[in-house]
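The sequence lines fix the lettering, A, B, ..., with proteins before strands; numbering per chain opens at 1.
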2 protein chains.
Amino acid sequence: MAIQVNHSITIEDVARAAGVSRAAVSKVIRDAYGVSDEMKTKVEAAIDELGYRPRVSARAMRGATYTLGIEIPTIKNPFFTKIISGAASALEGTRYQLIIAPMGPHHDRGPQAIQVLADRQVDGILAVSTAVDPEWLEDLARHTPIVMLGRHDDSQHYDTLVNDDVEGARMAVRHLYDLGHRDIVHLTIDPVWEKHLPTGPHALRARSYRQTMAELGLADKARVVFLKSEEDGAREVALGILREPVRPTAFFAGHDELALGVLTAVADLGLTPSDVSVVGYDDTEIAAHPLVSLTSINQSGTRMGEITVRLLLERIAGRTEPVHEVITPKLMTRTSTAPPHEGRGRKPQAPRLLTPQPK
Amino acid sequence: MAIQVNHSITIEDVARAAGVSRAAVSKVIRDAYGVSDEMKTKVEAAIDELGYRPRVSARAMRGATYTLGIEIPTIKNPFFTKIISGAASALEGTRYQLIIAPMGPHHDRGPQAIQVLADRQVDGILAVSTAVDPEWLEDLARHTPIVMLGRHDDSQHYDTLVNDDVEGARMAVRHLYDLGHRDIVHLTIDPVWEKHLPTGPHALRARSYRQTMAELGLADKARVVFLKSEEDGAREVALGILREPVRPTAFFAGHDELALGVLTAVADLGLTPSDVSVVGYDDTEIAAHPLVSLTSINQSGTRMGEITVRLLLERIAGRTEPVHEVITPKLMTRTSTAPPHEGRGRKPQAPRLLTPQPK
DNA sequence: TCGCCTTCGTAGATCGCTCTACACACCTTC
DNA sequence: GAAGGTGTGTAGAGCGATCTACGAAGGCGA
């Protein structure tokens with residue numbers, strides 16, 4: 001047990017203390033071939049006594065960093081932190097460590113966060129960003145194992161893991177339809193976030209929403225509303241829509257954070273789920289809270305994190321053929337959705353001005 | 001504009017392409033003294049053309065990593081992610097990057113996460129962990145700039161930044177008292193989390209709670225309930241307490257996540273804020289949501305992140321005397337607190353068995 | 001006893017960068 | 001014109017690990 005923890009202790013010091021060569025110490029800490037039990041004991045004792053820790057940077061010069069990097073679009077969305085938790089627990093017991101590169105306030109800055117990880121020569125990258133140039137990514141993937149989450153393109157060089165966004169969106173719309181809703185608005189993020197990538201999760205959900213509406217004979221009622229930016233709240237946008245003369249009876253939100261904003265607007269106006277039902281996506285922790293009780297589509301971030309780590313470790317172990325996994329989402333029915341009133345879409349008592357609505 | 005992004009491009013390649021020495025290139029990228037405009041242009045062109053990125057690991061061998069590391073007890077608590085956001089935006093425009101070391105599932109594993117950062121030779125560490133051996137910390141701080149958040153001990157080697165937990169807890173209790181509550185329970189985390197450190201934030205809040213209760217002449221009513229572990233839900237514990245023959249009329253929870261658990265229990269039993277009021281701590285995003293509307297103590301995680309980064313950059317720039325900053329918390333009154341009913345603490349209609357309660 | 005194989009340990013090059021020390025050219029200034 | 005700046009660039013050591021190549025010692029069969 002580290003009696004002294006001085007951070008300028010090097011492998012050299014350990015070697016001297018144990019009376020062996022640097023190479024011998026290196027062998028012991030790497031668990032490499034050609035070490036007698038006697039030497040192993042001796043060296044390990046010296047390591048403990050000196051409180052020696054190998055420098056990751058020095059290791060990186062020749063060998064591995066034993067580090068996996070994870071990149072997420074924003075740390076504020078609890079769904080992403082679930083992925084991190086899943087990944088972290090999957091690494092438990094391995095010699096690998098996780099580091100997270102947060103995107104700064106300017107999420108649009110392209111590959112910045114992944115670059116940070118690449119610069120640190122992590123042994124593998126787990127990324128959720130869809131806003132990354134595919135070519136750049138392919139190139140990076142040639143040198144570093146990468147698993148992209150939520151990217152529905154089948155790369156040759158990196159693995160992907162997605163939930164079935166098409167199916168998830170269908171579930172959401174059908175659920176509302178089955179309850180009796182017909183005027184269902186889809187609220188989603190600014191496409192800039194996904195760099196207008198047609199295979200991004202939100203783009204797919206929006207497309208599936210439209211298609212499902214059409215299948216249900218509601219093509220003319222389909223309406224997709226985009227947020228202009230993350231900060232521009234879902235609440236305000238929803239308020240605008242809810243104040244229109246004929247308001248929709250249901251919202252399908254692109255993710256739970258948006259759904260929470262809609263719920264706020266609904267609460268602001270004193271409306272109930274029978275007036276306006278709301279479905280989210282991701283099934284984050286807070287959705288299950290009785291005070292919120294948001295119907296949502298679960299895509300198990302935790303499991304995604306675990307699977308991703310497994311894929312990365314396989315790659316590091318030598319796999320070269322790409323793997324593309326899909327997991328099936330699940331509808332979690334809660335009290336934010338309910339059958340609509342008979343007189344749905346009723347006009348407000350007094351005529352009022354149209355509030356400006358985002359396009 | 002990186003035409004080609006091959007990740008085995010080194011400074012040597014750039015030097016060759018630009019027709020200068022490695023040292024010259026190094027000077028340009030470090031913005032060091034002794035570079036003519038002409039050479040700077042030439043080298044920068046070569047860097048762009050080759051898509052060169054300096055390896056952080058190689059840099060770390062001699063110079064700096066331009067990386068700050070942040071360690072948090074758990075990524076699931078949104079208060080901590082606020083700190084991260086604050087820190088990230090404070091680093092905007094500097095050459096420093098942030099990496100996060102998440103604690104694995106076993107949070108009790110002592111200094112593990114900070115160690116991960118130290119192993120990577122970050123230039124500065126921002127840590128929230130109270131569960132770290134002070135000696136070990138002092139020793140690490142001798143070599144690396146460190147700012148500890150929420151640690152009320154005045155170290156010689158590292159800086160600290162805390163909110164005034166004593167004042168915050170007092171505000172919470174007084175607020176409930178002013179509304180008319182007398183039976184106020186304090187629900188807090190397992191002290192193991194803070195390694196029973198008497199200067200940890202939760203220990204201080206608990207002590208301040210007791211003291212404030214005493215000041216208000218309620219010493220005999222003071223009751224502190226500890227959670228056994230994080231997973232062992234606040235909801236169950238609160239349910240147990242609320243089912244006692246004479247139930248308290250108010251809870252002061254150690255942090256918002258606990259408060260949410262209590263609110264769940266309150267909702268489970270169909271009680272209102274007039275039956276049981278709840279105050280949290282941290283004022284996380286969700287507390288402000290109208291459906292939750294949790295009265296809480298705000299300690300501005302964002303600002304804490306910003307201040308911490310400033311302190312670290314000062315240290316890196318050469319400051320050696322320790323700084324210990326305190327920020328003042330603020331009460332955010334919402335609808336989870338209300339004056340109690342007249343017949344407060346009334347017995348349930350039928351006598352029932354005491355449910356087991358955690359100690 | 002010799003030669004060969006196996007096991008254990010070491011020497012030393014190497015990774016990509018930083019940074020000190022120094023060389024060189026050109027300008028002043030006396 | 002010599003001495004002393006000043007401004008620009010290069011050479012080369014060094015950071016702390018890893019890892020290949022090789023040497024030494026011991027075991028074993030012929």
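Proximity of A:Tyr52 to the phosphate of D:dA17: a side-chain N or O atom is located under 4.0 Å from OP1 or OP2. Put simply, A:Arg59 has a side-chain N or O that comes within less than 4.0 Å of OP1 or OP2 on D:dT18. Using a 4.0 Å cut-off, some side-chain N or O of B:Arg30 falls inside it from OP1 or OP2 of C:dC19. Of the side-chain N and O atoms in A:Arg55, one or more sit less than 4.0 angstrom from OP1 or OP2 of D:dG16. Note on B:Ser26: every side-chain N or O is 4.0 Å or more away from OP1 and OP2 of C:dC17.
Between the P atom of C:dT10 and the CZ atom of A:Arg16 lies a distance of 14 Å, rounded to the nearest Å. When rounded to the nearest whole Å, the span between CD1 of A:Ile29 and C1' of D:dA17 equals 8 Å. Rounded to whole Å, the distance from CD1 on B:Ile9 to P on C:dC15 is 16 Å. Atom pair B:Arg62:CZ and D:dG12:C1' shows a separation of 11 Å (rounding to whole Å applied). Rounded to whole angstrom, the span from the CG atom of B:Asp31 across to the P atom of C:dC19 amounts to 13 Å. Distance, B:Tyr66 OH to C:dG16 C1': 15 Å, rounded to whole Å. Atoms CE (A:Met61) and C1' (C:dA13) sit 13 Å apart, rounded to a whole Å.
One axis for each end of the helix from C:dT1-D:dA30 to C:dC30-D:dG1, each built from five base pairs, and the angle between them comes to 50° at 10° resolution.
Salt-bridge check for A:Lys42 with A:Glu38: failed, with every basic side-chain N at 4.0 Å or more from each acidic carboxylate O. In summary, A:Lys40 and A:Asp37 do not engage in a salt bridge, as defined by a charged side-chain N under 4.0 Å from a carboxylate O. Checked for salt-bridge contact, B:Arg95 and B:Asp31 miss the test: no charged N lies under 4.0 Å from a carboxylate O. Salt-bridge formation is detected for the pair A:Arg16/A:Asp13: a Lys NZ or Arg NE/NH1/NH2 atom is positioned less than 4.0 Å from an Asp or Glu carboxylate oxygen. Between B:Arg310 and B:Glu314 there is a salt bridge, with a side-chain nitrogen of the basic residue lying less than 4.0 Å from a carboxylate oxygen of the acidic one.
Within the 4.5 Å cutoff, side-chain heavy atoms of B:Glu194 are placed close to those of B:Pro201. Proximity of A:Leu137 to A:Met148: side-chain heavy atoms (C-beta onward) are separated by under 4.5 Å at one or more points.
None of B:His324, B:His152, B:Arg151 except one satisfies the side-chain hydrogen bond (donor to acceptor under 3.5 Å, both in side chains) rule with B:Thr160; the exception is B:His324. Across A:Asp159, A:Ile307, A:Leu68, a single residue satisfies side-chain contact (heavy atoms from CB on, under 4.5 Å) together with A:Val147, and that is A:Asp159.
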Set out, line by line, the N/O atom pairs under 3.5 Å between protein and nucleotides 8-10 of chain D.
unit_1, atom_1, unit_2, atom_2, d
D:dG9, OP1, B:Ser36, OG, 3.1
D:dG9, OP2, B:Ser36, N, 3.0
D:dG9, OP2, B:Ser36, OG, 2.9
D:dG9, N7, B:Lys27, NZ, 3.0
D:dT10, OP1, B:Ser21, N, 3.4
D:dT10, OP2, B:Ser21, N, 3.0
D:dT10, OP2, B:Ser21, OG, 2.7

